Chemist: 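Below you'll find the structure I mean.
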Amino acid sequence: MVQIYDFVSFFFTILLDIFFREIRPRGAHKIPQKGPVIFVAAPHANQFVDPLVLMRECGRRVSFLAAKKSMDRRWIGAMARSMNAIPVERPQDLAKPGSGTIKLQDRYGDPLRITGLGTKFTKELLVGDQISLPKDVGTSAVVEIISDTELVIKKEFKDLKALELLTSPEGSKYKCLPHMDQSNVYKTVFERLNAGHCVGIFPEGGSHDRAEMLPLKAGVTIMALGALAANPSLDLKIVTCGLNYFHPHRFRSRAVVEFGEPLTVPPELVEMYKRGGAEKREACGKLLDTIYEALRGVTLNAPDYETLMVIQAARRLYKPTHRKLQISQVVELNRRFVAGYMHFKDNAKVSEAKDKVMHYNTQLRYHGLRDHQVNIRMTRRHAIGMLISRLIQMVFLSCLALPGTLMNLPVAIVARVISNKKAKEALAASTVKIAGRDVLATWKLLVALGLMPVLYFSYSVMVFIYCGRFDFAFKSRLLIAWAAWALIPFVTYASIRFGEVGIDIFKSIRPLFLSIIPGQENTIDDLRKARSELQKTITSLINELAPEIYPDFDSTRILDPSPNDRPSRSASGTNLAQTIFNTAAQPINQWLGKDGRFEWERADDSDADDVFFFLNPAGGVQGRSRANSWGGAYTPSADGSRSRNRSRTSSFTSGQIQLGEGFKLEALTELPRDKPFAEVTRRLSISRKHRHGLEGMTRSDTEENEEGHGRTTNGGASTPPISVSQHADGDVVSKSKDV
């Protein structure tokens, strides 16, 4: 039955299709289609946009827990209530600065006793409330208030920064956080789950723009264990969700949403929860650890920005050059590279490779090049011709994008100003945000949502007034104005698409200039040689170390998409606009593509989009495989030969490190490296005879092939049959079942 939720969700899906260039889900087939589900999502890097993205991709109606502070806002609250959000009052939203300062008089003898200077504990705090230190370096609950200047806390402060503040002569400022009774929230959650509905929660407690997940709150465990304790027959599942953005706050960026395997709560934890006390806390702790590890399986947490840049560069060097990887594969490779790096970071060879990659990145930045542009070779004459063609294309696309750009410029300016202002306010009110970037996308969408209808209506009024100069009838003027109002969104969308292509072309101009400037050829050649050597180093290093953490590692396999991955859910209205645009722009696309532009700046796999907070996971790698991809395995066949395992289980899901669902792995070329090409020709000939039953094939040959499961013998040597396929790029690829 259609609900208001569905209409609102459809509307926001259209907005997301416009704001993001691409949103790709991964693992959505794992989500139970019926029954109660708790969606646990992290990282919460995009405030109100995160739940919209998750609702769009999960295929279920989800009631998200939302801060009551946000739901008290007029428009945001109205939209949240239409989406069945559950309000939660958070202690930090009601925090108040405490009077005076607090100190820790006896750090070692009595670390739980807090004394105050000019404090009013009896008036500002109650037993059960919390005191919080600046910059979120420590929080502890109050168990006893002795006087206005003395109290006892539940757990001692152990963070070095917290101890430094509390042992300083002047003491530390603090905030008073009231104790919140969340029984009504849990009651609402239990009712939704018992009705077979879905509940969504961001267990970090709030949005942020940090480079790692924040500590998880225990509320999600109370929801799951409490619901099962009250209704043991409830078939409750917990599904972890990794929300991964490429530049989360930027217009027309990309995102990958990965869903983990559904988790079932062990019955023994439910029994421990029922017994209460220390066992209840232990049960919550164990379940929280399980959820945290599951979230790590669908997210990537780089220890620092520098490591993240090195990992991304290594991934680009490792993959086939000028082969298109879709964003879900980029995310998955980044995660696996981080897992490998964290495991071997103390290895001398890894440290040396890291230094080389950092130096290579520095050289690229100095010359204004991108990694995928280094290996492109062309003559100066060809470069000049391509440069002229690109400049003409860029001017042409700029003219096409200009009308929509000018019409929407007021919205862009206002959205930028307001979102930056809100980011500063959020940063000032938070102890965990770095720059407040997590609120930028939300406010850009909200401002556009409010201003664009008004602006477009103003344009239609202008058209109506302008038509009055030509003595049109009133109905004709009204019809023309209405047509203009309906046409403007399509003009806007077309401008966005043309502008994107123009920007891609602009990014390819600099390497073309370097190709035609005398004396710069040596610079490009040096970079090309450095890249080649670095590529060999990384390939060799991975082939050497990867088997230690991936026992079924196979250097001849290449990453392929998961067979269960699907394109993102998209609103039909946006699909219609895309279809109209693609049809109308087909001649332009053919003209733009004639010089191989996307060999220079490919939007889908460019390192331009590699800077994002959380990299996490259809698409396939086109062309030939390389001898340096992770996955797959050789297994001995019955006759002792080495036969390639055709299991769809990726090597990344086995071994010492579990990284969630892996891609199906398949080599696009599997010819033996130690055989001459004449041997390949001979096997091709045998394969043709075997497949087509030519006259020269004897009955005994056929029987022998059948007994050997399709294997043809020649001089006592076993030779597996191979198949030949023609790829889209014209390459003939041979496949063998036993290489």
Side-chain angles (χ1 to χ4, degrees), residues 7-8 10-21 48-49 52 74-76 78-79 249-253 394-422 440-503 506 570-588:
F7 289 106
V8 178
F10 176 81
F11 173 72
F12 282 117
T13 295
I14 295 176
L15 289 184
L16 291 176
D17 283 335
I18 295 173
F19 187 84
F20 288 99
R21 194 165 186 170
F48 302 136
V49 175
L52 299 179
R74 183 177 178 183
W75 297 109
I76 294 176
M79 289 185 289
H249 57 285
R250 291 188 185 177
F251 182 62
R252 301 300 287 174
S253 59
M394 191 170 62
V395 172
F396 175 70
L397 289 170
S398 299
C399 294
L400 293 177
L402 188 61
T405 302
L406 293 178
M407 284 193 298
N408 291 280
L409 189 59
V411 176
I413 294 174
V414 174
R416 183 180 182 86
V417 171
I418 293 180
S419 61
N420 286 336
K421 179 181 177 182
K422 293 296 182 180
L440 290 175
T442 293
W443 282 102
K444 287 176 182 178
L445 277 175
L446 290 175
V447 171
L449 187 61
L451 285 186
M452 291 183 78
V454 176
L455 186 64
Y456 292 175
F457 178 77
S458 301
Y459 290 147
S460 63
V461 170
M462 293 178 187
V463 171
F464 179 81
I465 295 173
Y466 182 77
C467 289
R469 301 177 57 183
F470 301 97
D471 297 327
F472 290 152
F474 179 80
K475 289 185 178 180
S476 299
R477 293 167 60 191
L478 196 62
L479 183 62
I480 294 173
W482 179 86
W485 181 82
L487 183 63
I488 289 174
F490 288 96
V491 174
T492 298
Y493 184 74
S495 297
I496 291 172
R497 296 292 299 274
F498 285 128
E500 286 175 348
V501 180
I503 292 173
F506 175 76
S570 183
S572 59
T574 314
N575 283 337
L576 176 62
Q578 290 175 346
T579 302
I580 294 174
F581 175 83
N582 292 336
T583 302
Q586 187 173 2
I588 299 175

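All values reported here derive from a predicted model rather than from experimental measurement.
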Chemist: If you take all heavy atoms of Ala448 and Pro453, which pair is closest and at what distance?
Modeler: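 Taking every non-hydrogen atom into account, O-CD, 3.9 Å.
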Chemist: Taking C-beta and beyond as the side chain, do Ile488 and Leu455 meet within less than 4.5 Å on heavy atoms?
Modeler: no
Chemist: Is there side-chain contact between Phe464 and Ile480, with heavy atoms separated by less than 4.5 Å?
Modeler: no
Chemist: I need the Ser398 OG to Phe396 CZ distance, nearest 0.5 Å.
Modeler: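 One finds 10.5 Å between OG of Ser398 and CZ of Phe396.
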Chemist: Is there a donor-acceptor pair under 3.5 Å between the side chain of Lys444 and the backbone N or O of Ser419?
Modeler: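 No, because the side chain of Lys444 does not come within donor-acceptor range (under 3.5 Å) of the backbone of Ser419.
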Chemist: If you look at every heavy atom in Val463 and Ala484, which pair is closest and at what distance?
Modeler: CG2-CB, 4.0 Å
Chemist: Side chains of Ile503 and Leu397: does their closest heavy-atom pair fall under 4.5 Å?
Modeler: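 Side-chain contact under 4.5 Å: no.
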Chemist: Check ring-ring contact (aromatic ring centres under 6.0 Å, His included) between Phe7 and all other residues, then give those that pass, not counting sequence neighbours.
Modeler: none
Chemist: Tell me, do Thr13 and Leu52 make a side-chain contact under 4.5 Å, heavy atoms counted?
Modeler: no
Chemist: Any side-chain heavy atom of Phe48 within less than 4.5 Å of one from Trp443?
Modeler: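 Counting from C-beta outward, Phe48 and Trp443 never come under 4.5 Å.
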Chemist: If we only count heavy atoms from C-beta on, is the Met79 to Leu449 side-chain gap below 4.5 Å?
Modeler: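 The answer is yes, as the side chains (C-beta and beyond) meet within the 4.5 Å cut-off.
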Chemist: List the residues meeting side-chain contact (heavy atoms from CB on, under 4.5 Å) with Phe506, not counting sequence neighbours, and say none if there are none.
Modeler: Met394
Chemist: Working to the nearest 0.5 Å, report the span between CD1 of Ile76 and CG of Leu446.
Modeler: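 Interatomic distance, Ile76 CD1 to Leu446 CG, rounded to 0.5 Å: 5.0 Å.
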Chemist: I need the Lys422 NZ to Leu440 CG distance, nearest 0.5 Å.
Modeler: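 The CG atom of Leu440 is 12.5 Å from NZ of Lys422, to the nearest 0.5 Å.
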Chemist: Quick one: ring-ring contact (aromatic ring centres under 6.0 Å, His included) partners of Phe19, sequence neighbours excluded?
Modeler: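 Partners of Phe19 by the ring-ring contact (aromatic ring centres under 6.0 Å, His included) criterion, ordered by chain and then number, come out as Phe251.
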Chemist: Considering residues at least two apart in sequence or located in another chain, which fulfil the side chain to side chain donor-acceptor pair (under 3.5 Å) criterion with Ser460?
Modeler: none
Chemist: Which residue pairs pass the side chain to side chain donor-acceptor pair (under 3.5 Å) test with at least one member in residues 466-488, sequence neighbours excluded?
Modeler: none
Chemist: Can you give each donor-acceptor pair under 3.5 Å made by side-chain atoms of residues 402-414, sequence neighbours left out, with the distance rounded to 0.1 Å?
Modeler:
unit_1, atom_1, unit_2, atom_2, d
Thr405, OG1, Ala401, O, 2.7
Asn408, OD1, Tyr456, OH, 2.6
Asn408, ND2, Gly404, O, 2.8
Asn408, ND2, Thr492, OG1, 3.0

Chemist: Can you tell me how far SG of Cys467 sits from CZ of Phe470, rounded to the nearest 0.5 angstrom?
Modeler: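 Reported value, rounded in 0.5 Å steps: 7.5 Å.
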Chemist: Donor-acceptor pair, Arg21 side chain versus Ser253 backbone, under 3.5 Å?
Modeler: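 Not a single qualifying donor-acceptor pair exists.
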Chemist: Going from CG on Leu15 to CZ on Phe10, what distance comes out if it is rounded to the nearest 0.5 angstrom?
Modeler: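 Going from the CG atom of Leu15 to the CZ atom of Phe10 covers 10.5 Å.
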